[in-house]
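The chains referred to below are lettered A, B, ... by the order of the sequence lines, with proteins before strands, and numbering in each begins at 1. Worth knowing before you read on, the calculation uses all heavy atoms, side chains too, and leaves out hydrogens, waters and symmetry mates.
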Amino acid sequence: MSFQAPKGTFDWLPPRSEWALLVRDALSAPARRAGYGYIETPAFEDTALFSRGVGESTDIVTKEMYTFESRGGQSLTLRPEGTASVVRAVIEHGLYGGALPIKLWYSGSYFRYERAQAGRYRHFSQVGAEALGAEDPALDAELIVLAADGYASLGLKNVRLLLNSLGCKECRPAYRAALQDFLRGLDLDETTRQRIEINPLRVLDDKRPEVRAQLVGAPLVTDHLCGACKAYHEEVRGLLGAAGVAYTDDPRLVRGLDYYTRTTFEFVHDGLGAQSAVGGGGRYDGLSEMIGGPPLPSVGWALGVDRTVLAMEAEGLITERAGHVDVFAIPLGEEARRRIFPLVSELRRAGLAVDMAFGGRGVKGAMKAADRSGARYALILGERDLEAGAVQVKDLTTADQTAVPLAEVVEVLKGKLS
RNA sequence: GUGGGUGUAGCUCAGCUGGCAGAGCGCCAGGUUGUGGUCCUGGAUGUCGUGGGUUCAAGUCCCAUCACUCACCCCA
């Protein structure tokens, strides 16, 4: 019997896994500095939260959810995205009764039942941030700037920001109707024709060349925005410019979740294969009410951790990192191992990163291991040293070696490494 | 759901019109009775994805099947 990770999933292994941790940290750091508090919600929720929140017409809900029945007969679903859960938690705990906006960030695993391909997995990882309860273009701009700063802090140069406005419940219906009129006149396959009736904006997203060619003259949302939406969008654009964040207006940008209104954006990168979005988000003014909460105009984003690592690889930012211990201890013989083990523990308690040779290997093999560990110093303890009450401290970069009394090793190494 | 590609050592892969299972890297050991990163020597690891067929003979040809992968669809 042998096992392998389920289709569409993968394991993060060292040393590459270090970058996943680093990316998670770097993408969330700007939000933490901007007053966003940490929220952690369950990995599964009531199925209806997603079908009503994300939208019955979306692909996510119609064919990509991991839905199962609990022993009590309740329908539960592994979360396919984070926003619905956060809004649910805010409503459930009445957080909207306090100071607004409520600013939250989170990080975790998400699940969508899709055919895997480069950059697209059934289990993936996102960092998210949401600001709930305020309708202020500065809040939209803040979130976008925070995400852009996160990517920039990782050294990414080729992340582009696409920006659009999808209008609101006042102006979207008219646009939707105009778009449907246009699309119905095109030569399209059956599934796409169905999409025109259910979710016409999504058709603008089609990548097939024969479809793209026909979409050239399609009506654009930006030409159908009401006065309020137009003004709001202009304000967001102005603030982004003022903060020095470059963006491209993309009137074709639509997103796969139904709850978006007004500001929508996507961060894209060309080095990921067919998947180009490394992050995205937007405003969702009606979501709270859709799932039974009070009016709570909000905006947020989710950034893909796995995809960001792929983007960094594409830009050559992922380099082999040297090992991460400072000291590597080598006992020669059992007596030496018994003596060096507590010394290793003591060094670690003193704040040094320390590893040691296990498995009773010879000096040569142990030295090889010390070299691979990336340690600056090797500690060698053998019979002769035990008799002398000292340990050999070898600087692996210069090959200088000196005997240091056992009682003084901790202080000496702390001094050398500070 | 649809279409393409690939399955051979831990990893990356070579293996021609069928004829003894290979290389590089990595790993382990020795060269150095207690010293790494270079060098030299040696060693271990294989159900050639799986099942069937053709053949004196199959990693190689045929059929089926599974897995992985890329792309469409969709999205982080």
Side-chain angles (χ1 to χ4, degrees), chain A residues 2 4-10 13 23 27 54 57-64 79-83 107-128 147 189 191-192 195 199 202-203 205-211 253-257 266-269 272-281 301-311 322-323 328 330-333 336 357 359 361-386 391-401 403:
Chain A
S2 67
Q4 55 187 342
K7 187 191 282 286
T9 68
F10 64 97
L13 303 172
V23 163
L27 293 180
V54 176
S57 71
T58 62
D59 278 32
I60 291 178
V61 169
T62 56
K63 55 184 196 191
E64 297 175 1
R79 58 183 179 192
E81 59 103 44
T83 304
S107 164
S109 292
Y110 298 86
F111 310 87
R112 292 184 199 171
Y113 188 83
E114 300 180 272
R115 284 288 286 268
Q117 68 187 68
R120 191 178 76 182
Y121 313 104
R122 291 182 171 184
H123 169 233
F124 57 101
S125 183
Q126 300 187 146
V127 168
D189 61 281
T191 45
T192 308
R195 191 170 300 130
N199 200 341
R202 293 233 53 84
V203 180
D205 225 13
D206 205 302
K207 271 194 268 186
R208 290 172 294 184
E210 66 273 20
V211 178
L253 177 69
V254 291
R255 314 218 65 244
L257 296 84
E266 210 163 274
F267 289 92
V268 297
H269 194 280
L272 311 186
Q275 310 303 321
S276 60
V278 291
W301 47 241
L303 314 180
V305 173
D306 323 288
R307 285 192 183 175
T308 300
V309 174
L310 290 176
F328 195 90
I330 299 171
L332 305 176
R361 43 201 325 198
V363 213
K364 185 174 172 134
M367 281 302 293
K368 248 182 188 307
D371 191 50
R372 274 194 296 257
S373 78
R376 174 75 193 275
Y377 296 100
L379 291 186
I380 301 148
L381 188 69
E383 307 269 316
R384 297 203 295 265
D385 309 301
L386 280 170
V391 61
Q392 302 294 325
V393 176
K394 177 164 185 169
D395 184 326
L396 291 170
T397 55
T398 63
D400 290 336
Q401 181 171 323

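- In this entry B:U32 has no Watson-Crick or G-U wobble partner, no candidate having both defining distances under 3.5 Å.
- Using a 4.0 Å heavy-atom criterion, one finds that A:G382 contacts the bases of the nucleic acid, with or without backbone contacts as well.
- The partner of B:A67, taking Watson-Crick or G-U wobble pairs whose two distances both stay under 3.5 Å, is B:U6.
- The partner of B:U55 cannot be assigned: no Watson-Crick or G-U wobble pair with both contacts below 3.5 Å exists in any strand.
- Using a 4.0 Å heavy-atom cutoff across all strands shown, A:D206 reaches sugar-phosphate atoms only and no base atom.
- The separation between A:L396 atom CG and B:G37 atom P is 11 Å, rounded to whole Å.
- Summarising the geometry, the separation between NZ on A:K368 and C1' on B:G31 is reported as 13 Å, rounded to the nearest angstrom.
- Using a 4.0 Å heavy-atom distance criterion, A:A366 is classed as making no nucleic acid contact.
- If you check every strand for non-hydrogen atoms under 4.0 Å, A:E81 touches nothing.
- Per the geometry, CD belonging to A:Q4 stands 8 Å off P belonging to B:A67, to the nearest Å.
- Following rounding to the nearest Å, A:D385 (CG) and B:U35 (C1') show an atom-to-atom distance of 12 Å.
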Trace of the side chain to side chain contact (heavy atoms under 4.5 Å, CB included) decision for A:L379 with A:V393: CA-CA 5 Å; A:L379 291 186; A:V393 176; 3.6 Å; yes
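- With hydrogens and angles ignored, a donor-acceptor pair closer than 3.5 Å exists between the side chain of A:K364 and the base of B:G31.
- Of the possible polar contacts, one joining the A:R307 side chain to the A:G119 backbone as a donor-acceptor pair under 3.5 Å is found.
- The nucleotide B:G1 finds its pairing partner in B:C72, both defining distances of the Watson-Crick or G-U wobble pair being shorter than 3.5 Å.
- One interatomic measurement links the two molecules: CG of A:D395 to C1' of B:G37, which rounds to 13 Å at whole-angstrom precision.
- The CG atom of A:N199 sits 8.0 Å away from the OG1 atom of A:T58 when rounded to the nearest 0.5 Å.
- A:Q401 CD: more than 12 foreign heavy atoms inside a 6.0 Å radius.
- Using a 4.0 Å heavy-atom distance criterion, A:R195 is classed as a sugar-phosphate-only contact.
- Pair check for B:U60 finds none; no Watson-Crick or G-U wobble contact set falls under 3.5 Å.
- At a threshold of 4.0 angstrom between heavy atoms, the contacts of A:G273 are confined to the sugar-phosphate backbone, with no base atom among them.
- Nucleic acid contact for A:A370: none, since no nucleic acid atom lies under 4.0 Å from a heavy atom of the residue.
- With hydrogens and angles disregarded, a donor-acceptor distance shorter than 3.5 Å links the side chain of A:D306 to the backbone of A:S125.
- When heavy atoms are screened at a 4.0 angstrom cut-off, A:K394 is found touching base atoms of the nucleic acid.
- Side-chain N/O atoms of A:R120 and base N/O atoms of B:C73 include a donor-acceptor pair closer than 3.5 Å.
- In terms of polar N and O atoms assigned as donor or acceptor, the side chain of A:R372 never comes within less than 3.5 Å of the base of B:G37 in a complementary pairing.
- A:Y377 has its OH atom 17 Å from the C1' atom of B:U35, to the nearest Å.
- Across all strands shown, B:A21 forms no Watson-Crick or G-U wobble pair with both distances under 3.5 Å.
- One cannot find a donor-acceptor pair under 3.5 Å joining the base of B:U35 and the side-chain atoms of A:Q392.
- To the nearest 0.5 Å, atoms NE2 (A:H123) and CZ (A:F10) are separated by 8.0 Å.
- When each of B:G36, B:C72, B:G34 is scored by its nearest atom to the side-chain atoms of A:R384, the top-ranked nucleotide is B:G34.
- For a distance-only test at 3.5 Å, the side chain of A:D371 fails to qualify as a donor-acceptor partner of the base of B:G37.
- To the nearest 0.5 Å, the span separating CG on A:L303 from OG1 on A:T308 amounts to 6.5 Å.
- When heavy atoms are screened at a 4.0 angstrom cut-off, A:Y121 is found touching base atoms of the nucleic acid.
- Residue A:F124 has its side chain nearest to B:A76 when only B:A76, B:C74, B:A71 are considered.
- Taking every side-chain heavy atom of A:Q117 into account, B:C70 is the closest of B:G36, B:C70, B:G34.
- Taking 3.5 Å as the limit, the base of B:A71 and the side chain of A:Q275 contain no donor-acceptor pair of atoms between them.
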